[in-house]
Colleague: 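Provided herewith is a single structure, encoded as structure tokens, for subsequent inquiry.
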Amino acid sequence: MIRVQREDFDVGAELKALTQGRHEIGGVVSFVGLVRDMAGDAKIGAMTLEHYPGMTEKQLGEIEAEALRRWPLAGSLIIHRYGRLEPGEQIVLVITASAHREAAFEACHFLIDWLKTKAPFWKLEDTDKGAQWVAAESRDDKAAARWVKK
Amino acid sequence: MIRVQREDFDVGAELKALTQGRHEIGGVVSFVGLVRDMAGDAKIGAMTLEHYPGMTEKQLGEIEAEALRRWPLAGSLIIHRYGRLEPGEQIVLVITASAHREAAFEACHFLIDWLKTKAPFWKLEDTDKGAQWVAAESRDDKAAARWVKK
Amino acid sequence: MKILWFAWLRTRVGSAEESLTPPPDVRDVRGLLAWLKTRSPGHAEALKNLDVVRVAVNQTYVQADHPVAAGDEVAIFPPVTGG
Amino acid sequence: MKILWFAWLRTRVGSAEESLTPPPDVRDVRGLLAWLKTRSPGHAEALKNLDVVRVAVNQTYVQADHPVAAGDEVAIFPPVTGG
């Protein structure tokens with residue numbers, strides 16, 4: 001499942017909804033991304049997440065479908081927020097559930113790595129040194145490249 | 001932090017408590033282990049988790065300390081339940097928080113892998129074929145062995 | 001053709017969306033970007049370094065040799081930074 | 001010396017905890033297990049295959065050559081299956 005929304009999300013409620021009554025699930029892995037208060041040596045007051053409505057959902061759906069092809073998942077969820085967010089606020093949630101923990105760990109890690117390099121979101125940070133668009137990081141490209149099938 | 005308890009836990013509340021006001025945290029990974037309703041082809045009615053009070057907390061503490069030595073974590077939590085649990089109930093929670101997601105993913109995965117082979121817990125399953133003690137799985141030994149430093 | 005600009009490309013171009021009719025010799029993404037560059041100093045500045053420009057046609061990532069046609073939605077943006 | 005039995009070792013021995021005074025020639029874990037085997041058919045059955053027996057002395061995992069002494073808490077259990 002994919003949700004792109006301005007509102008915050010409740011991780012506990014989402015975990016419960018995904019696993020409720022699904023007694024074949026043995027392991028659930030979740031990742032929550034939070035707004036940090038520092039970018040290098042600049043202090044962040046807030047950030048604004050811009051996205052591409054339509055393509056964002058499409059890309060996230062394709063990334064999730066790829067995870068479901070690669071791992072035997074009993075369920076998965078991606079929620080990504082947009083708009084203005086302050087330090088400490090939740091940005092993104094990825095949950096994967098499977099009979100065994102190995103598949104859940106790998107699929108969750110894959111989803112956030114691919115999302116970071118493929119889903120059309122852009123971060124504008126308000127810092128004490130002015131507003132700046134966040135630059136893509138080469139380590140994110142490397143993290144995503146690990147999952148490209150040889 | 002380590003907790004060994006009979007009672008259930010609230011993942012959302014634990015996540016919030018661990019990250020509240022900690023604006024250097026960028027990524028939080030959690031693992032929840034649940035009771036499954038099947039063991040091979042036997043249907044599970046319930047399971048009872050036995051442990052070794054004292055040594056269990058000591059072992060979990062050592063495993064957590066090892067994770068804190070290996071990865072730059074801003075916080076970590078292990079909760080493991082004991083006593084009688086039914087299918088769908090939560091058994092174990094591992095949360096790791098870090099500035100970057102890579103450390104959080106690796107440390108969380110390490111903690112559950114090591115916990116499975118080192119923390120003194122034993123599962124007795126009530127199945128439709130009678131009560132049976134769960135046997136250790138060689139795949140758990142292999143998963144744990146990945147983290148042994150060469 | 002609908003052109004969508006995002007993030008710092010949008011701020012340089014000064015517009016989030018343009019409805020344009022490129023000349024008939026613009027047949028692919030490479031030709032479209034070359035033509036867009038000529039439209040204003042802001043466009044030229046935005047498209048100065050194509051290494052940091054990504055293009056999606058009808059919401060799918062494409063390469064420079066991908067064809068573009070009259071009814072297409074063409075999005076132009078920097079490398080993504082969500083998550 | 002306090003001996004603690006867990007899981008199916010406990011059910012075979014028929015007791016979770018025993019307070020015992022091994023003979024003076026029992027100096028290490030190996031010797032202790034050999035002596036415990038002789039105490040009852042249940043003990044012998046529990047300790048039949050030492051490949052599936054783990055030992056902790058004073059709540060720390062140890063090997064067969066680890067010394068044991070009068071005041072020790074010795075726990076004997078199968079491979080763990082939590083998580």
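Computed over heavy atoms, backbone and side chain alike; hydrogens, waters and symmetry mates excluded. Numbers restart at 1 for each chain; the letters A, B, ... are given by sequence-line order, proteins then strands.
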Colleague: Name the region of Leu124(A), side chain, backbone, both or neither, that has any atom closer than 4.5 Å to a heavy atom of chain C.
Modeller: neither
Colleague: Give the minimum heavy-atom separation between His51(A) and Phe6(C), together with the two atoms involved.
Modeller: O-CE2, 3.4 Å
Colleague: For chain A, which residues of residues 7-37 of chain C have at least one non-hydrogen atom nearer than 4.5 Å to it?
Modeller: Ala7(C), Trp8(C), Arg10(C), Thr11(C)
Colleague: With a 6.0 Å cut-off (strictly less than), is the heavy-atom count around CD of Gln63(C), excluding the residue itself, greater than 12?
Modeller: no
Colleague: Quick one: closest heavy-atom pair of Lys58(A) and Gln59(C), and the distance?
Modeller: NZ-O, 3.1 Å
Colleague: Would you find a donor on one side and an acceptor on the other, under 3.5 Å apart, between the side chain of Tyr61(C) and the backbone of Lys118(A)?
Modeller: yes
Colleague: Non-hydrogen contacts under 4.5 angstrom with chain A: give the residues of residues 69-83 of chain C involved, or none if there are none.
Modeller: Glu73(C), Ala75(C), Phe77(C), Pro78(C), Pro79(C), Val80(C), Thr81(C), Gly82(C), Gly83(C)
Colleague: Heavy-atom distances under 4.5 Å only: say whether Gln59(A) touches chain C with side chain, backbone, both or neither.
Modeller: side chain
Colleague: Pick whichever of Phe31(A), Trp133(A), Tyr82(A), Phe121(A) has the most heavy-atom pairs under 4.5 Å with chain C.
Modeller: Trp133(A)
